[in-house]
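Quick caveat, the model's predicted, so the values are computed rather than measured. Throughout, residue positions are numbered sequentially from 1 according to the sequence presented.
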Amino acid sequence: MWWPYQLGAQPLYTLTTSVTQGGAVSTTTSGTFGIRTVSSALVGAGPVDKLGVRQYRINGVPFTVRGGGFTEDLFLHYSAADIARQIALLKNLGINMIRLEGHEFPDNFYEQMDQAGIMIDSGYQCCDAWGNNLSGNLLTVATNSALTIGENQVDHPSVVTFSWSDNAPGSADESDTLASFKAADFDVPVVSSAEENSSPVLGDSGEKEGPYDWVPPDYWYDTTHTQPDDNQTNAGGSWGFDSEESAGDTIPTLDSVDRFLSPAEQSELWQSDTYNQYHLNYEAGHGQYQFGTLYNFRRALDARYGTPGSLDSYVEEAQVADYENTRAQFEAFIDHSTNTATPATGTMYWQVNKGWPTLLWDLYNEDGDQAGSYYGAKKGNETLHALYTQDNGTVTLDNLGGTTQSGLSVESRVYSAAGAVLDDRTASGISLGSQQVRNSVLTPKVPAVTGSRSAAKVYFVELTLRQNGVMVDRNVYWQSTYPDVVNWGSTNGNDNATMTQYADLQGLGSLPAGAVGATASSQSRPGPDGADTVTTVTLTDTSGSAVDFFLRTDLRRGSASGTPQAGDNEVPSALWSDTTSPCSRVSRRPSASATRPRTWTAPPRWSACPATTWAPPTSPPAEPPAPRRPLTGCQRPPGASVPGGAVGVHAGPQLAGGADGLPPPGARLDRHHRQRPAVGEVQQHPRVALAQVHAQDLRPLHPAAADEVHHGHPVPVRARDRSRQQHQHRRAQQPADPDPDPVVQLPVARPESCHPAEEHQAEQREPEEHQPCQHRLPDPRQCGRPDHGPTGLDAHEAS
């Protein structure tokens with residue numbers, strides 16, 4: 001039987017056929033398939049949703065969907081190697097399903113998903129002809145399309161369901177589509193709508209959508225606010241199945257920001273909450289279904305963490321905010337999956353990836369950047385995990401794997417901001433079956449809530465899960481005695497939260513100073529998803545600080561002597577495997593630590609945060625035949641080897657930089673005047689202490705794919721959108737086009753993969769690294785709700 005990757009193996013079988021005439025073989029075919037059963041039904045009908053909510057089972061086993069929307073390259077250029085890279089990221093995130101809304105891929109895509117054990121929710125695009133009452137030639141096209149889709153996807157066990165998007169189909173379209181699927185023997189569950197809609201044959205969808213803009217972490221734990229008449233749009237709490245939802249803006253790291261935002265845009269990023277950022281959605285305002293500014297996100301960031309004094313501090317605060325929010329979204333649905341009345345059956349993060357650089361809705365950016373949103377989702381989706389609930393303050397344990405896990409114990413510790421232990425509790429002798437979620441294992445005693453912001457205090461809740469005495473999961477929460485309070489009367493049904501009060505977490509800015517030492521080593525060793533190299537990084541706190549909070553470690557290319565390469569030297573998309581990364585750690589004293597690949601030891605109080613991350617395979621998947629196109633700039637020709645170079649570690653704190661945003665005296669600065677420590681250099685700051693990790697390089701390119709090089713020097717691309725069709729949505733209206741032909745900045749990164757001679761020629765063409773390259777792209781277009789354009793742009797950016 002074929003299983004999702006966390007539940008079991010993915011055996012695939014090959015069927016070969018041949019036709020013989022007169023003793024000679026005239027035709028042969030060969031294809032792979034998998035064997036599995038998928039079922040879906042509406043469960044939990046009652047006060048929350050009178051019709052019930054959608055739940056899926058694979059091979060008879062119910063599971064909680066933890067997925068997200070997936071899209072293709074902006075220019076629709078398919079790369080098998082890039083999909084392999086993204087599959088590794090998806091599995092590192094703990095994502096078990098992706099949603100393809102009208103984005104059909106070549107067969108190689110589905111073959112890779114089959115092999116990886118990642119499930120697919122296939123379906124039609126929103127806001128276009130597919131969601132209307134069809135007739136005539138359009139109905140004929142839809143019917144034939146359904147037959148083709150069914151024939152193409154029937155062999156792929158990864159495709160477990162198919163759905164229409166916002167609008168349910170008309171009766172003729174529905175009946176013809178279902179007949180086509182039956183003719184193709186495509187028998188997966190088919191869903192009438194991604195919203196709470198119904199159709200004549202399929203009936204109620206049992207799904208909902210939203211929110212799409214900023215909400216606080218505890219919003220996700222809500223189970224009491226629903227919409228009248230079963231219209232559950234933007235009732236996004238952790239009950240039922242939400243086909244698309246997130247807290248909106250996701251701010252990438254500084255490395256990624258440098259690649260696609262001009263200096264002027266970077267300045268506006270941290271200084272203006274009303275600036276119309278093109279890579280948000282390029283539409284002024286901040287009302288319902290308007291996503292062009294960072295207004296809602298910025299108001300929450302300033303109130304909760306403090307107004308940043310520089311671009312660096314803004315980006316660092318944003319990483320912390322996005323981490324806690326994405327972690328809460330996934331953890332809430334896991335925690336409430338046990339609710340008997342109306343269980344939480346699935347959440348689809350909107351979106352997992354993007355086809356171009358973005359500040360809006362992604363877990364990893366187009367360049368592979370892994371910001372706070374990535375690591376928050378990764379932490380929430382750990383296979384064996386302990387979480388602290390944001391609704392009733394208890395500890396939940398979950399086992400998302402395929403086998404029973406026994407010999408478990410969990411410890412909860414509550415610390416003051418100064419590191420004093422306020423509460424310490426342990427539960428042991430625990431076993432968890434496959435897919436089991438156990439609630440209320442512990443109830444930590446935390447400081448009392450205060451009604452005065454001036455009396456607010458920050459404290460930490462640390463959970464440590466051990467199996468037979470060995471730590472398998474660590475999870476740290478930063479809480480305030482002055483919590484977030486949602487104004488539900490103004491929030492329910494809206495795509496963002498209206499707040500009565502914001503939590504006060506600004507005490508994080510005055511944590512005691514820490515000092516961190518870093519060592520790194522690499523070796524060849526087989527790893528997950530075809531990886532063949534592992535880099536082990538050990539960070540040790542040498543300061544004696546009371547609290548270690550949110551340390552991020554990055555890999556950077558450099559020489560064997562430890563000198564970083566000039567320019568953009570970040571190793572993208574490293575697959576960190578750890579107990580928490582970025583590392584938040586509460587410790588009373590420094591102590592020595594030892595690190596080995598995949599294992600680690602430390603004295604009591606655990607002064608190290610471990611991880612392992614792996615490199616890409618040296619032999620990536622072969623590319624299917626594809627049309628080639630002219631290339632410009634610095635590129636690696638087919639078969640060229642990747643230049644050598646040691647991998648260094650940059651151990652830098654989140655929440656770094658003083659109130660004035662200036663680095664300390666004597667600090668090394670990069671060309672943007674930001675502090676950059678040398679490889680292995682210790683960096684001190686009042687808000688950071690320690691971590692320990694293993695790391696790896698996932699290159700986005702491979703030697704055989706010269707036609708997929710996109711991150712050399714600027715490639716002039718000029719295209720103008722001639723279409724002026726306005727997609728309408730039943731909940732939003734199209735605003736006026738602010739700029740019919742906007743000029744944007746696309747990524748310009750120093751090429752890591754060029755031969756020296758080619759690099760020299762490229763430098764002559766572009767003498768300044770990261771020189772902005774102006775590209776003309778199609779106008780932003782509004783579909784009426786987030787990101788449903790045919791090319792996978794940010795919300796409404798495609799026409």
Side-chain angles (χ1 to χ4, degrees), residues 6 94 327 330-331 334-335 375 378-389 393-415 419 421-446 460-477 536 538-541 547-549 551 576-612 689-694:
Q6 289 176 316
R327 176 178 63 176
F330 286 101
E331 287 185 342
I334 294 169
D335 179 56
Y375 289 108
K378 171 181 167 57
K379 172 50 58 182
N381 289 323
E382 295 285 355
T383 303
L384 192 58
H385 186 49
L387 63 93
Y388 180 65
T389 65
T394 61
V395 175
T396 291
L397 301 183
D398 64 78
N399 171 20
L400 304 179
T403 60
T404 296
Q405 300 295 320
S406 57
L408 301 175
S409 65
V410 60
E411 180 183 19
S412 67
R413 281 192 172 190
V414 181
Y415 293 87
V421 179
L422 306 179
D423 185 67
D424 190 347
R425 299 165 190 257
T426 300
S428 58
I430 302 170
S431 292
L432 295 175
S434 173
Q435 302 301 293
Q436 184 177 357
V437 176
R438 181 173 296 184
N439 306 110
S440 301
V441 177
L442 290 172
T443 304
K445 183 179 180 181
V446 300
F460 299 92
V461 178
E462 178 190 55
L463 307 181
T464 305
L465 181 63
R466 297 182 176 90
Q467 187 170 34
N468 301 321
V470 178
M471 188 191 67
V472 293
D473 183 57
R474 178 197 286 127
N475 203 356
V476 177
Y477 298 80
T536 301
T538 302
L539 307 182
T540 305
D541 179 14
V547 175
D548 306 331
F549 177 69
L551 183 70
W576 298 89
S577 172
D578 64 24
T579 53
T580 181
S581 181
C583 176
S584 298
R585 183 58 203 147
V586 182
S587 178
R588 291 289 295 164
R589 64 177 184 273
S591 54
S593 63
T595 302
R596 299 187 300 274
R598 283 196 170 275
T599 63
W600 68 284
T601 58
R605 298 190 185 269
W606 308 98
S607 70
C609 293
T612 304
L690 93 116
Q692 169 184 333
V693 244
H694 304 198

Pairwise side-chain contact, Val410 with Val395, heavy-atom cut-off 4.5 Å (strictly under): yes
Between Asn468 and Ser406, the two heavy atoms sitting closest are OD1-O, 4.5 Å
Show, in sequence, the C-alpha distance, side-chain angles and deciding distance for Leu387 and Leu397, and conclude whether the side-chain contact (heavy atoms from CB on, under 4.5 Å) test is met. CA-CA 6 Å; Leu387 63 93; Leu397 301 183; over 6 Å; no
Dump the intermediate steps for side chain to side chain donor-acceptor pair (under 3.5 Å) on Thr383 and Gln6, then the final yes or no. CA-CA 7 Å; Thr383 303; Gln6 289 176 316; 3.2 Å; yes
Taking it one step at a time, do Asp335 and Thr389 satisfy side chain to side chain donor-acceptor pair (under 3.5 Å)? CA-CA 8 Å; Asp335 179 56; Thr389 65; 5.1 Å; no
Just wondering, do Asp423 and Arg413 contact through their side chains at under 4.5 Å, heavy atoms? no
Knowing that exactly one of Val414, Val461, Val446 qualifies, which makes a side chain to side chain contact (heavy atoms under 4.5 Å, CB included) with Leu422? Val414
Between Arg466 and Asp473, does any NZ, NE, NH1 or NH2 come within less than 4.0 Å of an OD or OE carboxylate oxygen? no
Would you say that Leu463 contacts Tyr388 through its side chain, given a criterion of any heavy-atom pair below 4.5 Å between the two side chains? yes
Give a yes or no on whether the backbone of Thr396 and the side-chain of Asn439 come within a donor-acceptor separation of less than 3.5 Å. no
Can you tell me if Lys378 uses its side chain to pair, donor with acceptor, with the backbone of Trp576 under 3.5 Å? yes
Considering only heavy atoms from C-beta outward, does the side chain of Leu465 approach that of Arg474 to under 4.5 Å? no
Return yes if a side-chain donor-acceptor contact under 3.5 Å exists between Gln405 and Thr403, otherwise no. yes
Nearest 0.5 Å, what's the CD1-NE2 distance between Ile334 and His385? 6.5 Å
In this structure, CG of Leu400 is separated from CD of Gln436 (nearest 0.5 Å) by 11.5 Å
Can you tell me if Asn399 uses its side chain to pair, donor with acceptor, with the backbone of Leu384 under 3.5 Å? no
side-chain contact (heavy atoms from CB on, under 4.5 Å) assessment of Leu408 paired with Leu432: CA-CA 8 Å; Leu408 301 175; Leu432 295 175; 3.8 Å; yes
Please say whether the positively charged group of Arg327, taken as NZ for Lys or CZ for Arg, lies over the ring of Tyr477, i.e. under 6.0 angstrom from the six-membered ring centre and within 45 degrees of the axis. yes
Spell out, as yes or no, whether a donor-acceptor pair under 3.5 Å connects the side chain of Ser434 to the backbone of Gly401. yes
Note: Gly393 and Pro444 closest approach over all heavy atoms is O-CD, 3.5 Å
If you measure only the distance, is there a donor-acceptor pair under 3.5 Å linking the side chains of Glu331 and Asn475? yes
Distance, nearest 0.5 Å, that separates CZ of Arg438 from OG of Ser431: 7.5 Å
